[in-house]
Amino acid sequence: MRTANPLLHTPKRPLPKHVAIIGAGTIGPDIGYYLKSALPQIRLTLVDVAQPALDKALQRCQDYARKAVARGKMSEALAAAVNANITGTLDYATLADCDWVIEAATENLSLKRRIFAQLESVVSPQALITSNTSSLPAERIFSELKHPPRATVTHFFAPAWRNPAVEVIDWDKTDPDVIDYLRWVFCVTGKVPLVTADAACFMLDRVFDNWCNEAAMLLGRVTAAEVDSTAVEFVQAGPFFVLNLAHGNPIITETNTLQAEEEGEHYRPATIFRSVDTWVTVPPGKRIEVAPETAAAARDRLLGVLF
Ligand SMILES: NC(=O)c1ccc[n+]([C@@H]2O[C@H](COP(=O)([O-])OP(=O)(O)OC[C@H]3O[C@@H](n4cnc5c(N)ncnc54)[C@H](O)[C@@H]3O)[C@@H](O)[C@H]2O)c1
């Protein structure tokens with residue numbers, strides 16, 4: 001575990017010039033927008049297998065910058081620079097000169113392995129390649145790569161364009177200089193990197209996923225809006241609001257199935273995650289009235305799973 005201030009580190013690599021994000025779904029474009037707004041001079045390439053995902057992702061970046069200007073948080077000139085040199089493509093061959101590729105495609109081990117094998121055939125052996133997996137240990141994703149020391153997991157949290165947390169996984173084959181570089185680059189771009197062991201679901205998803213799963217187990221006795229209205233006594237946003245924001249239902253099913261298979265049935269995901277797309281709930285700052293005994297039941301279970 002590294003404890004030295006990352007900002008006092010002298011990096012062995014310069015800041016990246018060309019970054020690619022693989023997967024332009026829920027979180028990929030947000031990771032790209034965070035990097036582009038922190039380092040507007042870089043080239044950013046978004047890669048997907050579906051053109052509509054790319055079209056929506058590029059529009060999302062434009063919309064974020066437009067809102068930032070309207071709220072006085074970004075100048076017109078900076079917004080133009082942030083949205084310059086962002087390209088969407090279906091073609092991995094355009095990534096040849098990338099110095100960092102971040103994979104944020106669907107949570108599936110064999111898919112991620114295929115993507116990284118394809119990437120290794122395109123980028124240089126020095127290029128950093130990292131995965132935004134929520135749960136899959138780095139060792140399982142990367143151990144068959146030709147050059148694993150430049151590969152690890154960099155795990156962002158929704159909304160990734162402004163949520164400061166990012167886990168950097170320290171696994172057996174990563175070059176320690178890569179971990180030091182990632183800590184440095186995240187700090188200089190406004191993130192808070194947390195170096196984490198290579199366990200299934202790492203550190204924060206072991207907390208977050210089981211918090212959400214416990215909340216889902218309460219449904220039937222308590223509604224999603226009642227759970228969120230109780231949870232805001234001790235967190236900024238309730239589990240169902242955050243699940244909507246992150247489109248997290250399929251992810252919890254994957255991550256908690258992995259934990260259940262490896263560590264015990266008590267992790268098994270609630271079946272309701274498979275049939276619900278969006279929860280009916282209230283945003284942070286709004287609460288519905290919750291009967292005292294209902295709130296007590298929700299409070300005990302939510303705090304209990306955290307402890
Ligand atoms: N959603 C979140 O808030 C969140 C948070 C942390 C980590 N993650 C992780 O990030 C990853 C992506 O999650 P998501 O919620 O954005 O998923 P998503 O389903 O919204 O998007 C995945 C995208 O990957 C694309 N894709 C599939 N195969 C591809 C391939 N071979 N090449 C390029 N693109 C491909 C899909 O077309 C889709 O657009 C997952 O591993 C997830 O566990 C997500």
Side-chain angles (χ1 to χ4, degrees), residues 20-34 45-61 87-95 98 101-123 129-138 140-142 152-169 191 193-194 196 200-209 211-212 237 239-259 269 273-274 277-279:
I21 311 283
I22 310 292
T26 307
I27 197 166
D30 281 9
I31 297 170
Y33 184 80
Y34 131 69
T45 302
L46 302 175
V47 186
D48 206 287
V49 287
Q51 187 60 45
L54 292 168
D55 295 341
K56 274 204 260 173
L58 295 173
Q59 185 59 52
R60 200 192 315 166
C61 291
T87 317
T89 183
L90 303 170
D91 182 6
Y92 278 66
T94 59
L95 310 185
C98 279
V101 181
I102 304 171
E103 172 274 326
T106 314
E107 184 77 345
N108 178 288
L109 181 58
S110 55
L111 171 72
K112 289 187 191 289
R113 280 188 176 148
R114 277 203 308 281
I115 288 174
F116 286 112
Q118 191 174 355
L119 275 173
E120 266 209 321
S121 69
V122 174
V123 300
I129 51 182
T130 69
S131 172
N132 184 49
T133 177
S134 301
S135 63
L136 300 164
R140 290 182 212 178
I141 304 179
F142 301 119
T152 193
V153 170
T154 49
H155 180 206
F156 294 83
F157 295 83
W161 62 274
R162 70 186 166 96
N163 189 325
V166 57
E167 288 180 303
V168 177
I169 306 309
K191 293 283 182 202
L194 305 161
T196 308
C201 299
F202 316 113
M203 176 171 59
L204 295 183
D205 262 40
R206 293 182 82 84
V207 179
F208 175 70
D209 299 350
W211 158 259
C212 293
F240 293 105
F241 175 82
V242 178
L243 282 166
N244 283 348
L245 179 81
H247 296 136
N249 297 353
I251 300 176
I252 304 290
T253 299
E254 289 297 322
T255 57
N256 272 58
T257 300
L258 181 70
Q259 289 178 85
F273 283 122
R274 294 180 194 274
D277 182 44
T278 305
W279 304 101

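Both counts, for ligands and for their atoms, begin at 1 and track the order of listing.
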For this session: Can you spot which of V242, T255, I251 makes a side-chain contact (heavy atoms from CB on, under 4.5 Å) with F208?
Result: V242

Exercise. Which residue supplies the protein heavy atom nearest to atom 10 (O) of ligand 1, what is that atom called, and how far is it?
Worked result: N132 ND2, 3.0 Å

Exercise. Considering only the protein, which heavy-atom contact is closest to atom 44 (C) of ligand 1, and what is its distance?
Worked result: I251 CD1, 3.5 Å

Problem set entry | Proximity to ligand 1 by part of T133, non-hydrogen separation under 4.0 Å | backbone

Problem set entry | For L111, atoms of ligand 1 separated by under 4.0 Å from a heavy atom | 28 (N), 31 (N)

For this session: Please identify which atoms of ligand 1 are closer than 4.0 Å to at least one heavy atom of A158.
Result: 3 (O)

Exercise. How far is atom 37 (O) of ligand 1 from its nearest protein heavy atom, and which residue and atom is that?
Worked result: D48 OD1, 2.6 Å

For this session: Heavy-atom contacts with S134 under 4.0 Å: which atoms of ligand 1 show up? List them by number with element.
Result: 6 (C), 7 (C), 8 (N), 9 (C), 42 (C), 43 (O)

Exercise. Out of D205, I27, N132, D30, which one pairs with F157 under the side-chain contact (heavy atoms from CB on, under 4.5 Å) rule?
Worked result: D205

Exercise. Using 30° and 60° as the class limits, which term best fits the ring planes of F273 and W279: parallel, tilted or perpendicular?
Worked result: perpendicular

Exercise. If we only count N/O pairs under 3.5 Å, is E103 in contact with ligand 1?
Worked result: no

Exercise. Distance-only, no hydrogens or angles: does the E167 side chain make a donor-acceptor pair with backbone N or O of L204 under 3.5 Å?
Worked result: yes

Problem set entry | Nearest protein heavy atom with distance in Å, relative to atom 19 (O) of ligand 1 | T106 OG1, 4.4 Å

Exercise. Can you check whether A246 has an N/O within less than 3.5 Å of an N/O in ligand 1?
Worked result: yes

Exercise. Counting distance only, does the side-chain N/O of K191 pair as donor-acceptor with the main-chain N or O of N163 below 3.5 Å?
Worked result: yes

Exercise. What atoms in ligand 1 come closer than 4.0 Å to a heavy atom of H155?
Worked result: 6 (C), 7 (C)

Exercise. What do we get for R114 next to ligand 1 when only non-hydrogen atoms under 4.0 Å count, side chain, backbone, both or neither?
Worked result: neither

Exercise. Can you tell which part of F156 has a heavy atom less than 4.0 Å from ligand 1: side chain, backbone, both or neither?
Worked result: backbone

Exercise. Should the pair F202 and H155 be assigned to parallel (<30°), tilted (30 to 60°) or perpendicular (>60°) ring geometry?
Worked result: tilted

For this session: Return the minimal non-hydrogen interatomic distance between T89 and L54, and the atom names on each side.
Result: O-CD1, 3.4 Å

For this session: Indicate yes or no: does an N/O atom of A105 lie under 3.5 Å from an N/O atom of ligand 1?
Result: yes

Seminar exercise, completed: Contact region, F208 to ligand 1, non-hydrogen atoms below 4.0 Å, reads neither

For this session: Would you indicate whether D91, at its atom CG, is surrounded by more than 12 heavy atoms from other residues, nucleotides or ligands within a distance under 6.0 Å?
Result: yes

